Structure formats: structure tokens, C-alpha cells
Participant: 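One structure, as C-alpha cells, below. Some questions next.
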Amino acid sequence: MRIVILPDAADVACFAAQELAGIVRGKPDAVLGLATGSTPLGTYRHLIEVHQAEKLSFRRVQTFNLDEYLGLSSNHPASYRHFMNEHLFRFLDIPLEQTFVPRGDTSDVEGECQAYERRIVEAGGIDCQLLGIGSDGHIGFNEPGSSLASRTRVKTLAERTRLDNARFFASLDEVPTAAITMGIGTILEARQVLLLATGQGKAEAIREAVEGPLSSSLPASALQLHPSATIVVDEGAACRLQRADYYRLAEQQRRRLRKEA
Ligand code: GLP
């Protein structure tokens, strides 16, 4: 794993946006896996700036979001479809029919999950999957205990996750109790993964994901199995890492080698 420690959340957002923009520059029909939550908001703002400043086109890009609350329709203000339209898609030139988010209000949940997996395969697989991390170490909505081989399916939300996400709803009672989420197996098939975390509230989850044992009890630790995973954290989220000095050294060397090349 590549661990990038940056001074603050703005640097994390800038780094991630440059990575995503670089992928689209190199492959105009790239398939991007996208995430919701507060963490990627800055990344999306930067990406919109790059799109506008450089005229970087997303016309041929396809996107797949990690998850959606079960029972919420796409126009519910707390749905992830609504979040993506509001914070990213409406500012880009990407046709909305090339943006996929699981349908939370489907009457055929099993069929929706299978169709989602099929669509990812038909698109040629995900080039880069953006991820946040829950305070309990979840990725997407793969709560602790999720099979490391899991595919898109329904997961019951942990109470801690419902509490963490209650700020997006009028009250805790309104937070759905389940979600459709890509599985950990699905996420691991992306050609590249980029996990972002900011703030001390994520420090323990990051320490366990990066330096703890590989375990379904800490779903993000599954990224230890991925051949091309980059974890981008600010100083707050990095503060519990035992080998932070080594990661900084490795990044310095990486930059030096790139300059020499
Ligand atoms: C939700 C999402 C995750 C996200 C997590 C953390 O649970 N399903 O994909 O990583 O929230 O969100 P935040 O970035 O707001 O801390």
C-alpha cells in the first residue's frame, strides 16, 4: 500500500482530484468508482475546478457509486443519488445515464444488486475506486463482519454508522436501517483504489486498516490485499500510525525518483 500523509484536508482533496483528473486525461472513457460522505466533497470541488479550468471532458466517463440507502428514492434529499447530482454531476459534462448509483427504492433488491454487478462488468471494470472510511472501519456500507469476498448486496447498518450519518437526516429515526452496497470483493476488483480520510476521528480506523491484521472485523483492512491501493490522509487521520516516518520517507523517495526519471 502507498500511504500519503499530507498537512490538511484541503491537500488531501487536491491530491485525490489530481489523481482522478490524471486518470480521465489518460483514458477519456475511464470508469470511476465514486463515494459519498463529507470526505470526498473537497475532491469533487477540485475536480469541478479542473474540469472548468482545463476543459477536461467527462463526456465519455462512466461512474459507479459504492452504495445507496435502502428505501430512499433518487429524489430524497439524503439519498446518495441526490448527493452525487448536487455535488458533482451537475457541474460536469457527463451524461447522467452514464452515472450509476444502486436504486434504493427498487422493488427487486436481489435483481438490482445482480444488475449492478453486471453493469460494472459490461463497462469493463472500474479503473479507480474512490473510498472514504467509516469510524468503525467500513468501506461503502460494508460493516464489520462483512465477508472479504462479498458482492453487491443489502447490508444492515451498524448503530454507530446510523449515528454518524444522522446529520444528513432530520432525525435519527429517519436514518435507514439498511443499504445496498458494493461488496468488498467488488471493490477489490477495481484496478486502483484511493481511500481518503481526514481528521482525528478517523485515526483509529486508519491505523487498524493500514497496520492492523487483515480482518473482516475492520473491512478497510481488506485493501492490504489490493495490488494498487493508495491511502491518502491528513495529519489528523495519520496521528495513530506507528510507521508514519517510514511512509513519509517512502513518499520522499518516490518524488525523488520521479524527478530523476
Ligand atoms: C458513509 C458512506 C461511506 C463513507 C462514510 C464516511 O457510511 N457509505 O462510503 O466513507 O460514510 O463518511 P464521512 O466521509 O462523512 O466521514
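Bear in mind that the values here come from a model prediction, so they are computed numbers and not experimental data.
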Participant: Between the side chain of Q200 and the main-chain N/O of G236, is any donor-acceptor distance below 3.5 Å?
Facilitator: no

Participant: For the hydrophobic clusters of this structure (ILVMFWY residues joined by side-chain heavy atoms under 4.5 Å, transitively), does one cluster hold both I139 and L157?
Facilitator: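 No: no chain of side-chain contacts under 4.5 Å links I139 to L157.
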
Participant: For the backbone of L56 and the side chain of H51, can you confirm whether one donor and one acceptor N or O come within less than 3.5 Å of each other?
Facilitator: yes

Participant: Apply salt bridge (charged side-chain N to carboxylate O under 4.0 Å, His left out) to residues R160 and D136 and explain how you reach the verdict.
Facilitator: CA-CA 8 Å; R160 184 164 166 193; D136 62 1; 5.9 Å; no

Participant: So does D234 get a backbone contact from the side chain of T198, meaning a donor-acceptor N/O pair under 3.5 Å?
Facilitator: no

Participant: Quick check: are there more than 12 heavy atoms from other residues, nucleotides or ligands sitting under 6.0 Å from CZ of R119?
Facilitator: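 Atom CZ in R119 is packed in, count exceeds 12.
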
Participant: Is it the case that the side chain of S228 and the backbone of Q192 share a donor-acceptor pair, with hydrogens and angles ignored and the cut-off at 3.5 Å?
Facilitator: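 No, because the side chain of S228 does not come within donor-acceptor range (under 3.5 Å) of the backbone of Q192.
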
Participant: Is any NZ, NE, NH1 or NH2 atom of the basic residue among E117 and R153 found under 4.0 Å from an Asp or Glu carboxylate oxygen of the other?
Facilitator: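 Between R153 and E117 there is no salt bridge, as every charged N stays at least 4.0 Å from the carboxylate O atoms.
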
Participant: Verify the cluster assignment for L131 and L41: are they in a single hydrophobic cluster under the rule of side-chain heavy atoms below 4.5 Å apart?
Facilitator: no

Participant: When you measure from the side chain of D93 to the backbone N and O of F58, does any donor-acceptor pair fall under 3.5 Å?
Facilitator: yes

Participant: Could you tell me whether the side chains of T161 and E143 share a donor-acceptor contact shorter than 3.5 Å?
Facilitator: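 Yes - a donor-acceptor pair under 3.5 Å links their side chains.
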
Participant: Tell me, with the steps shown, if V233 and V12 meet side chain to side chain contact (heavy atoms under 4.5 Å, CB included).
Facilitator: CA-CA 6 Å; V233 288; V12 170; 5.8 Å; no

Participant: Residues in side-chain hydrogen bond (donor to acceptor under 3.5 Å, both in side chains) with E251, at least two apart?
Facilitator: R2

Participant: How far apart are the closest heavy atoms of G124 and R191, and which atoms are they?
Facilitator: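 It is O-NH2, 2.9 Å.
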
Participant: Once rounded to the nearest 0.5 Å, what's the spacing between atom CD of E204 and atom CD1 of I133?
Facilitator: 10.5 Å

Participant: Tell me which one of H82, R81, M84 satisfies side-chain contact (heavy atoms from CB on, under 4.5 Å) with T36.
Facilitator: M84

Participant: Does Q18 have more than 12 heavy atoms from other residues, nucleotides or ligands lying within 6.0 Å of its CD?
Facilitator: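 Atom CD in Q18 is crowded, with more than 12 foreign heavy atoms closer than 6.0 Å.
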
Participant: Answer yes if the side chains of N75 and S73 hold a donor-acceptor pair under 3.5 Å, and no otherwise.
Facilitator: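 The criterion, which ignores hydrogens and geometry beyond distance, is satisfied for S73 and N75.
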
Participant: Contact between F83 and V101 at the side-chain level, heavy atoms closer than 4.5 Å - yes or no?
Facilitator: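 SC-SC contact between F83 and V101 ruled out.
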
Participant: Taking the six-membered ring for Trp, are Y44 and F91 ring centroids under 6.0 Å apart?
Facilitator: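 Centroid separation for Y44 and F91: 6.0 Å or greater.
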
Participant: For the backbone of F168 and the side chain of N165, can you confirm whether one donor and one acceptor N or O come within less than 3.5 Å of each other?
Facilitator: no

Participant: How close do D127 and A30 get, heavy atom to heavy atom, and via which atoms?
Facilitator: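 The pair with the smallest heavy-atom distance is OD2-CA, 3.5 Å.
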
Participant: Strictly distance-based, threshold 3.5 Å: is any side-chain N or O of S217 a donor or acceptor partner for the main-chain N or O of G145?
Facilitator: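 Not a single qualifying donor-acceptor pair exists.
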
Participant: Taking all non-hydrogen atoms of both residues into account, name the closest pair between A166 and L172 and its distance.
Facilitator: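 Taking every non-hydrogen atom into account, CB-CD1, 4.0 Å.
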
Participant: Can you tell me how far OG of S146 sits from CG of L218, rounded to the nearest 0.5 angstrom?
Facilitator: 11.5 Å

Participant: State, yes or no, whether a side-chain contact exists between I180 and D67 at a heavy-atom distance under 4.5 Å.
Facilitator: no

Participant: Checking side chain to side chain contact (heavy atoms under 4.5 Å, CB included) for the pair N85/L96: CA distance, chi angles, key distance, verdict?
Facilitator: CA-CA 8 Å; N85 289 354; L96 266 192; 3.6 Å; yes

Participant: Any side-chain heavy-atom pair from R207 and Q242 closer than 4.5 angstrom?
Facilitator: yes

Participant: Say whether, by atom type as modelled, one donor and one acceptor occur between the side chain of E208 and the main chain of A220 under 3.5 angstrom.
Facilitator: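 No; judged by distance alone, with no hydrogens or angles, the pair does not exist.
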
Participant: Apply salt bridge (charged side-chain N to carboxylate O under 4.0 Å, His left out) to the pair E174 and R162, showing each step before the final yes or no.
Facilitator: CA-CA 10 Å; E174 287 188 25; R162 293 187 65 243; over 6 Å; no

Participant: How many angstroms lie between atom CD of E110 and atom CD of E112, to the nearest 0.5 angstrom?
Facilitator: 11.0 Å

Participant: If I take atom CG from residue L163 and atom OG from residue S135, how far apart are they, to the nearest 0.5 angstrom?
Facilitator: 9.0 Å

Participant: Hey, does M1 have a side-chain heavy atom less than 4.5 Å from the side chain of T230?
Facilitator: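 SC-SC contact between T230 and M1 ruled out.
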
Participant: Locate the shortest heavy-atom distance separating P102 from N65; write the atom from each residue and the value.
Facilitator: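 Closest approach of P102 to N65, heavy atoms only: CD-O, 3.9 Å.
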
Participant: Would you check, one step at a time, whether the test salt bridge (charged side-chain N to carboxylate O under 4.0 Å, His left out) holds for R248 with E235?
Facilitator: CA-CA 11 Å; R248 291 184 215 276; E235 292 288 351; 3.1 Å; yes

Participant: Does Q129 reach the main-chain N or O of L32 with its side chain, forming a donor-acceptor pair under 3.5 Å?
Facilitator: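 The answer is no, because no donor-acceptor pair under 3.5 Å joins these two groups.
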
Participant: Give me the atom names and distance for the closest heavy-atom approach of I184 to A222.
Facilitator: CG2-CB, 3.5 Å

Participant: When rounded to the nearest 0.5 angstrom, what distance separates CG in L194 from CD1 in I231?
Facilitator: 8.5 Å

Participant: The criterion is side-chain hydrogen bond (donor to acceptor under 3.5 Å, both in side chains); which residues satisfy it with Q62, sequence neighbours excluded?
Facilitator: none

Participant: Taking the side chain from D105 and the backbone from G71, do they hold a donor-acceptor pair closer than 3.5 Å?
Facilitator: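 Here the side-chain-to-backbone pair does not exist.
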
Participant: As a quick check of understanding, evaluate side chain to side chain contact (heavy atoms under 4.5 Å, CB included) for L241 and Y247, giving each step before the final call.
Facilitator: CA-CA 9 Å; L241 289 171; Y247 309 136; 4.1 Å; yes

Participant: Could you check if a side-chain atom of V154 sits within less than 4.5 angstrom of a side-chain atom of F141, using non-hydrogen atoms only?
Facilitator: no

Participant: Please report the closest heavy-atom contact between S79 and S74, naming both atoms and the distance.
Facilitator: OG-O, 3.1 Å

Participant: Taking the side chain as C-beta and beyond, is there a heavy-atom pair between I94 and T99 under 4.5 Å?
Facilitator: yes

Participant: Answer yes or no: is there a side-chain heavy-atom contact under 4.5 Å between C128 and I23?
Facilitator: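 They are in contact (side-chain heavy atoms under 4.5 Å apart), so the answer is yes.
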
Participant: Does this structure show an ion pair linking R240 with E211, if we count only N-O contacts that are shorter than 4.0 Å?
Facilitator: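 Salt bridge between R240 and E211, a charged N being under 4.0 Å from a carboxylate O: no.
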
Participant: Determine whether the aromatic ring centres of residues Y69 and Y80 are separated by less than 6.0 angstrom.
Facilitator: yes

Participant: Same cluster or not: I187 versus L20, using hydrophobic residues (I, L, V, M, F, W, Y) connected whenever any side-chain heavy atoms lie under 4.5 Å apart?
Facilitator: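 No.
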
Participant: For the hydrophobic clusters of this structure (ILVMFWY residues joined by side-chain heavy atoms under 4.5 Å, transitively), does one cluster hold both I5 and V193?
Facilitator: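 Looking at the clustering, V193 is in the same group as I5.
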
Participant: Among I206, L130, T39, which residue meets the side-chain contact (heavy atoms from CB on, under 4.5 Å) test with L195?
Facilitator: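 It is I206, the one option of I206, L130, T39 that forms the side-chain contact (heavy atoms from CB on, under 4.5 Å) with L195.
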
Participant: Of the options N142, T181, T152, which is the one that meets T186 in a side-chain contact (heavy atoms from CB on, under 4.5 Å)?
Facilitator: T152

Participant: Going from NE2 on H138 to NZ on K155, what distance comes out if it is rounded to the nearest 0.5 angstrom?
Facilitator: 12.0 Å

Participant: Output all residues satisfying side-chain hydrogen bond (donor to acceptor under 3.5 Å, both in side chains) with R167, sequence neighbours left out; order by chain, then residue number.
Facilitator: S38

Participant: With a 4.5 Å heavy-atom cut-off, do M182 and Y116 have their side chains touching?
Facilitator: yes

Participant: Salt bridge (charged side-chain N to carboxylate O under 4.0 Å, His left out) between E86 and R90: does it pass, once the steps are laid out?
Facilitator: CA-CA 6 Å; E86 275 302 296; R90 71 190 176 102; 3.7 Å; yes

